[in-house]
Amino acid sequence: MTAPGSFAPEPPGRSDPPAPGSGAPAGAVPTGGFVPVPPPGPGVQPPFAAPPTEGDRRRLWLGLGAGGLALLLCCVGGLVGVGALLVTTVQAVNEQAQKTVSNYLDALRSEEYADAYELLCDSARRAESLDEFERRVAREPRIASFDVAEPKIADRVVVPAQVRFADGDVDTLRFVLEQDTRTGAFEVCGFDE
């Protein structure tokens, strides 16, 4: 109900029928009442029957193309990175193997036999004591110079070196290297025939 002079409508569907004997015809709207709005009929469309779409799909395809290009660049970049890592690793192994043989031959040339002995692998040191090693290499021809070549890496690491002796002989020695399990450094472990 509303107070006299108020214009607040009553909630929809809440109109009181005319009182019998009031003289109002049947179906008449009471005064001060609210007439409910009938539901929309056939043919009435809601404001957005479907979400609005763009006229063409150009922006979608541009976005998909840009995403595909970014994915391709990431994959190619990853492959290049893995390849560079492998190349760098191989170069590091080659350099370390060559340096070990160079240090060994340099120690023998300068007659620092204890330093050369330290560059031998564990099995070679077990087979020959430092004194035995010193006596053996002291009897061999003295090294005048040497050139260390690229290592051959397969099931084992073999580093060839051309050695020139003081007596004029030249020989190509093929040093077999093993990696120390504790330090990771290469050690001379004999010769490959």
Side-chain angles (χ1 to χ4, degrees), residues 53-54 56-193:
T53 61
E54 296 179 19
D56 64 339
R57 304 225 182 245
R58 185 173 164 200
R59 201 176 321 171
L60 172 68
W61 287 110
L62 284 174
L64 288 174
L69 180 63
L71 180 64
L72 178 68
L73 288 175
C74 287
C75 291
V76 169
L79 290 174
V80 168
V82 168
L85 180 65
L86 289 175
V87 167
T88 304
T89 302
V90 168
Q91 286 176 345
V93 167
N94 287 348
E95 288 174 13
Q96 186 181 10
Q98 287 176 310
K99 183 173 176 150
T100 299
V101 172
S102 292
N103 290 345
Y104 179 76
L105 290 172
D106 202 29
L108 289 178
R109 181 177 58 188
S110 58
E111 297 180 359
E112 296 170 352
Y113 300 132
D115 292 343
Y117 186 77
E118 286 300 314
L119 292 170
L120 294 177
C121 67
D122 292 340
S123 62
R125 281 188 272 180
R126 280 192 300 270
E128 187 175 39
S129 70
L130 175 59
D131 291 336
E132 293 168 336
F133 176 78
E134 286 178 347
R135 281 193 299 272
R136 180 178 59 83
V137 295
R139 289 189 307 264
E140 294 176 354
R142 185 175 169 144
I143 297 173
S145 65
F146 58 87
D147 291 315
V148 179
E150 286 286 316
K152 310 286 189 258
I153 300 173
D155 56 334
R156 59 188 182 163
V157 179
V158 178
V159 181
Q162 187 176 39
V163 180
R164 287 174 288 290
F165 296 98
D167 62 5
D169 287 345
V170 177
D171 196 5
T172 300
L173 303 175
R174 295 166 36 97
F175 293 91
V176 177
L177 303 183
E178 288 184 3
Q179 207 165 14
D180 187 334
T181 55
R182 292 172 309 220
T183 64
F186 281 112
E187 297 174 324
V188 176
C189 220
F191 299 99
D192 187 31
E193 300 301 326

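All figures in this text were calculated on a predicted structure; none of them were measured in a lab.
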Engineer: Which pair of heavy atoms, one from A97 and one from P151, lies closest together, and at what distance?
Structural biologist: CB-CG, 4.0 Å
Engineer: Once you round to the nearest 0.5 Å, how far does CZ of F186 lie from CD of E178?
Structural biologist: 10.5 Å
Engineer: Between V159 and V188, is there a side-chain heavy-atom distance shorter than 4.5 Å?
Structural biologist: no
Engineer: At what distance, to the nearest 0.5 angstrom, does CZ of F175 lie from CG of L105?
Structural biologist: 4.0 Å
Engineer: Would you compute the distance between atom CZ of R126 and atom CG of L120 and round it to the nearest 0.5 angstrom?
Structural biologist: 12.0 Å
Engineer: Judged by atom type as modelled, is there a donor-acceptor pair below 3.5 Å linking the side chain of Q98 to the main-chain atoms of A149?
Structural biologist: yes
Engineer: What closest approach, in Å, do E128 and E132 show between heavy atoms, and which atom pair accounts for it?
Structural biologist: CA-OE1, 3.4 Å
Engineer: E118 versus E187: any side-chain heavy-atom pair under 4.5 Å?
Structural biologist: no
Engineer: Taking the side chain as every heavy atom from C-beta outward, state whether F191 and V176 have any atom pair closer than 4.5 Å.
Structural biologist: no
Engineer: Suppose we screen for ring-ring contact (aromatic ring centres under 6.0 Å, His included). Which residues come up paired with Y117, at least two apart in sequence or across chains?
Structural biologist: F133
Engineer: Which residues pass the ring-ring contact (aromatic ring centres under 6.0 Å, His included) test with Y113, not counting sequence neighbours?
Structural biologist: none
Engineer: Using 0.5 Å steps for rounding, measure from the CG atom of D180 to the CG atom of L119.
Structural biologist: 11.5 Å
Engineer: Which residue pairs pass the salt bridge (charged side-chain N to carboxylate O under 4.0 Å, His left out) test when at least one of the two sits in residues 106-116, sequence neighbours left out?
Structural biologist: D106-R109, E111-R142
Engineer: Distance check, rounded to the nearest 0.5 Å: D169 atom CG versus R164 atom CZ?
Structural biologist: 12.5 Å
Engineer: Go through the steps for Q96 and V157 under the test side-chain contact (heavy atoms from CB on, under 4.5 Å), then give the verdict.
Structural biologist: CA-CA 11 Å; Q96 186 181 10; V157 179; over 6 Å; no
Engineer: Can you tell me how far CZ of R135 sits from CG of L130, rounded to the nearest 0.5 angstrom?
Structural biologist: 9.5 Å
